[in-house]
Every structure is written in structure tokens, then in C-alpha cells.
Amino acid sequence: MTANAGRRIVVLTGAGISKESGLSTFRDADGIWAKVRIEDVATPDAFARDPEGVHRFYNARRRRLVGGAIQPNAAHVALARLEGAWPAGVTVVTQNIDDLHERAGSRNLIHMHGEILKARCSACGVVVACTDALGTDERCRECGIKGAMRPHVVWFGEMPLELERIDAALDACATFVSIGTSGNVYPAAGFVDRIRSRDNVHAVELNLEPSEGAGHFDETVYGPATEVVPAFVARLLGARG
């Protein structure tokens with residue numbers, strides 16, 4: 001363990017950290033993409049072709065997230081605790097579109113794939129909170145155009161969000177921690193290579209099983225996120241003294 005309290009930490013999280021809260025992953029054998037075709041629900045072309053079908057898919061996911069059964073788990077809580085206790089600062093970069101990090105207490109958070117509890121107007125670009133169902137009858141409150149509101153999520157073929165802010169965080173960090181991600185989705189999969197090009201940066205993978213890029217990490221710990229993440233955070237804070 002090379003991290004100390006004077007060195008910034010960047011944490012990358014993926015679907016695996018939210019799985020234990022009851023949210024499905026995407027690429028597992030029984031995950032979302034095993035049941036629904038990407039081309040039907042998660043591309044700009046899909047929305048242009050069948051907006052109601054795309055809305056039904058995301059409305060169901062949004063409804064489940066706000067229904068009360070899905071709550072932050074011990075891994076989310078541990079990362080919020082780390083942020084509050086680490087003097088040099090912690091940035092969480094998440095590929096997840098849920099709000100579990102926020103509900104656990106994380107504040108320095110970047111949603112690189114968007115947020116399902118927000119909607120964006122494809123005409124004027126305004127982003128608004130959205131906890132209810134969206135449909136083609138919805139009018140944008142900014143420009144008034146009907147049917148232009150879409151989930152504020154990054155679809156296949158679109159650029160992830162806030163890449164400049166992410167780059168700045170990676171360039172400033174001394175410890176990089178990857179949690180619950182498959183390691184095969186770019187650009188996030190390339191973050192570990194980016195930080196390893198610098199001296200004195202420690203890379204850690206906390207995952208249920210080795211990711212595709214596991215060999216690029218200095219330290220690896222495997223097991224359920226609700227076990228390995230709180231233990232890792234406790235070790236970091238304990239080493240800080």
C-alpha cells in the first residue's frame with residue numbers, strides 16, 4: 001500500500017459495485033444485454049426509430065431505482081467515508097447511471113455515462129431532473145419542443161461525458177482504484193494504462209474476479225464489493241493513522 005493522506009485518489013466504479021444493491025449488470029451471462037438488444041434500446045438510431053420503445057426500457061429501470069427497494073450498499077458507503085476522511089481528496093468516476101453513490105454521501109463524483117434520473121433535450125441540450133416516466137408527448141421546459149426529451153445517458157456511438165475533468169483528475173492522482181468493472185469498455189478501460197505511464201502511481205483493482213486488464217494493476221483484491229471495498233478503505237484510513 002503506497003497511498004498516504006497527502007496523495008489524491010481516483011476511484012473508477014462500474015456495474016459490479018451496484019450489483020449487490022440489486023441492479024443488473026450489463027455484460028454478465030444473465031445481464032441486461034443478454035435480454036435486450038443494444039441496437040434496440042441504447043443507440044441514437046434506436047431512439048430515432050422507436051422512441052417509445054427506448055422510453056419503456058429506461059422508464060422501467062428508472063421506476064425500479066426510485067421504488068425504494070434499491071439502496072446504497074456497504075461499498076458505496078465506504079467510498080463516501082473515504083472521501084470525507086481523505087485530506088488530499090477523492091474523486092469517484094462512475095460508469096453507472098444510478099444515483100447510489102450520491103445517496104451514500106459521495107460528493108466529488110463524475111458520471112461519465114450520464115444519469116438515469118435526469119433527462120436531456122436533444123434539441124436544445126438542457127438537462128433536468130427526471131424521476132418520472134418519459135414519453136414522446138413530453139415537452140422541453142426550455143425550448144418547448146415536443147418529443148425531444150431523452151434519458152440523460154450515453155448511448156453506444158456517443159462520447160462519454162466530462163472527459164476533460166476526468167483527465168485532470170487522473171493526471172493529479174497518486175492512487176487509482178478500479179472497482180466492479182469488466183475492463184473492456186473504453187475509454188474507462190484505458191485509465192489504468194494512462195496513470196501507469198507516470199512514476200509513483202499505485203493502481204489497485206477491487207473486483208469480483210479479474211478484469212481483462214488485471215495484469216496492469218499493482219495490487220489486486222477479489223471478492224464481493226460489499227466485503228473488499230470496506231476492507232480496503234479501512235486499511236487505507238488505518239495506514240493514514
Side-chain angles (χ1 to χ4, degrees), residues 12-70 93-102 110-143 145-163 166 180-190 207-209 211-213:
L12 171 69
T13 66
I17 197 171
S18 294
K19 184 175 183 179
E20 290 179 77
S21 289
L23 292 177
S24 298
T25 60
F26 289 90
R27 289 171 172 79
D28 286 348
D30 61 346
I32 292 171
W33 300 142
K35 303 170 185 175
V36 182
R37 287 184 358 124
I38 290 170
E39 297 87 347
D40 292 337
V41 297
T43 69
D45 285 345
F47 189 64
R49 183 175 61 249
D50 182 18
E52 287 290 3
V54 172
H55 280 312
R56 280 195 299 272
F57 174 75
Y58 286 99
N59 286 344
R61 296 188 66 198
R62 189 181 300 110
R63 191 162 52 244
R64 189 152 185 264
L65 185 60
V66 301
I70 305 298
V93 179
T94 186
Q95 299 171 86
N96 300 336
I97 60 175
D98 60 62
D99 67 337
L100 297 181
H101 281 301
E102 288 94 332
I110 301 173
H111 279 276
M112 66 181 297
H113 290 165
E115 301 171 68
I116 196 170
L117 297 185
K118 292 182 180 179
R120 183 170 80 248
C121 179
S122 55
C124 72
V126 68
V127 176
V128 298
C130 178
T131 57
D132 297 321
L134 279 176
T136 54
D137 290 336
E138 195 86 18
R139 286 190 182 274
C140 173
R141 66 181 67 172
E142 186 72 17
C143 68
I145 294 178
K146 182 179 177 181
M149 299 304 294
R150 55 165 280 183
H152 182 52
V153 300
V154 174
W155 287 328
F156 287 86
E158 296 180 328
M159 287 294 294
L161 307 176
E162 300 201 68
L163 290 179
I166 294 170
T181 180
S182 63
N184 64 1
V185 178
Y186 285 83
N207 217 344
L208 188 60
E209 57 189 20
S211 70
E212 291 191 6

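Worth knowing before you read on, the calculation uses all heavy atoms, side chains too, and leaves out hydrogens, waters and symmetry mates. Sequence positions, counted from 1, serve as the residue numbers for this chain.
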Partners of [X] by side chain to side chain contact (heavy atoms under 4.5 Å, CB included), sequence neighbours excluded?
X: Thr181; answer: Leu12, Gln95, Ser178
X: Leu117; answer: Arg62, Leu65, Val66, Asp99
X: Arg141; answer: Val128
X: Glu20; answer: Asn73, Pro224, Ala225, Thr226

All side-chain hydrogen bond (donor to acceptor under 3.5 Å, both in side chains) counterparts of [X], not counting sequence neighbours:
X: Asn207; result: none
X: Ser211; result: Glu205
X: Asp40; result: Arg37

Interatomic distance, [X] atom [atom1] to [Y] atom [atom2] [nearest 0.5 angstrom]:
X: Ser18; Y: Asn96; atom1: OG; atom2: CG; result: 4.0 Å
X: Met149; Y: Cys124; atom1: CE; atom2: SG; result: 7.5 Å
X: Ile110; Y: Leu161; atom1: CD1; atom2: CG; result: 10.5 Å
X: Arg63; Y: Ile116; atom1: CZ; atom2: CD1; result: 10.5 Å
X: Leu23; Y: Ile17; atom1: CG; atom2: CD1; result: 11.5 Å

Tell me the closest heavy-atom pair linking [X] and [Y], and the distance in Å.
X: Ala46; Y: Ala42; result: CB-N, 4.3 Å
X: Asp98; Y: His101; result: OD1-N, 4.4 Å
X: Asn184; Y: Ala189; result: N-CB, 4.1 Å
X: Gly114; Y: Val154; result: N-CG2, 4.2 Å

inquiry  = By the side chain to side chain donor-acceptor pair (under 3.5 Å) test, which pairs, at least two apart or in different chains, include something from residues 112-129?
reply    =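 Pairs touching residues 112-129 that pass the test: Glu115-Lys118, Arg120-His152.
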key: side chain to side chain donor-acceptor pair (under 3.5 Å) contacts touching residues 127-136 (sequence neighbours left out)   = Glu52-Thr136
request  = Tell me, please, which residues at least two apart from Glu142 pass salt bridge (Lys or Arg N to Asp or Glu O under 4.0 Å).
outcome  =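 With sequence neighbours excluded, Glu142 shows a salt bridge (Lys or Arg N to Asp or Glu O under 4.0 Å) to no residue whatsoever.
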request  = List in chain and number order the residues that pass salt bridge (Lys or Arg N to Asp or Glu O under 4.0 Å) with Glu158, two or more places apart in sequence or in another chain; answer none if no residue qualifies.
outcome  = Arg150
key: Backbone N/O of Gly22 and side chain of Arg64: donor-acceptor pair under 3.5 Å   = yes
task = Please answer whether the main-chain N or O of Ala133 pairs with a side-chain N or O of Asn59 as donor and acceptor at a distance below 3.5 Å.
result = no
key: Sub-4.5 Å side-chain heavy-atom contact between His55 and Pro151   = yes
request  = Apply ring pair (Phe, Tyr, Trp, His ring centres under 6.0 Å) to His111 and list each qualifying residue two or more places apart in sequence or on a separate chain.
outcome  = none
Side chains of Asp45 and Thr43, donor plus acceptor under 3.5 Å =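 Looking only at side-chain atoms, Thr43 and Asp45 do not form any donor-acceptor pair under 3.5 Å.
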key: Whether Tyr58 and Trp155 hold their rings parallel, tilted or perpendicular, with breakpoints at 30° and 60°   = tilted
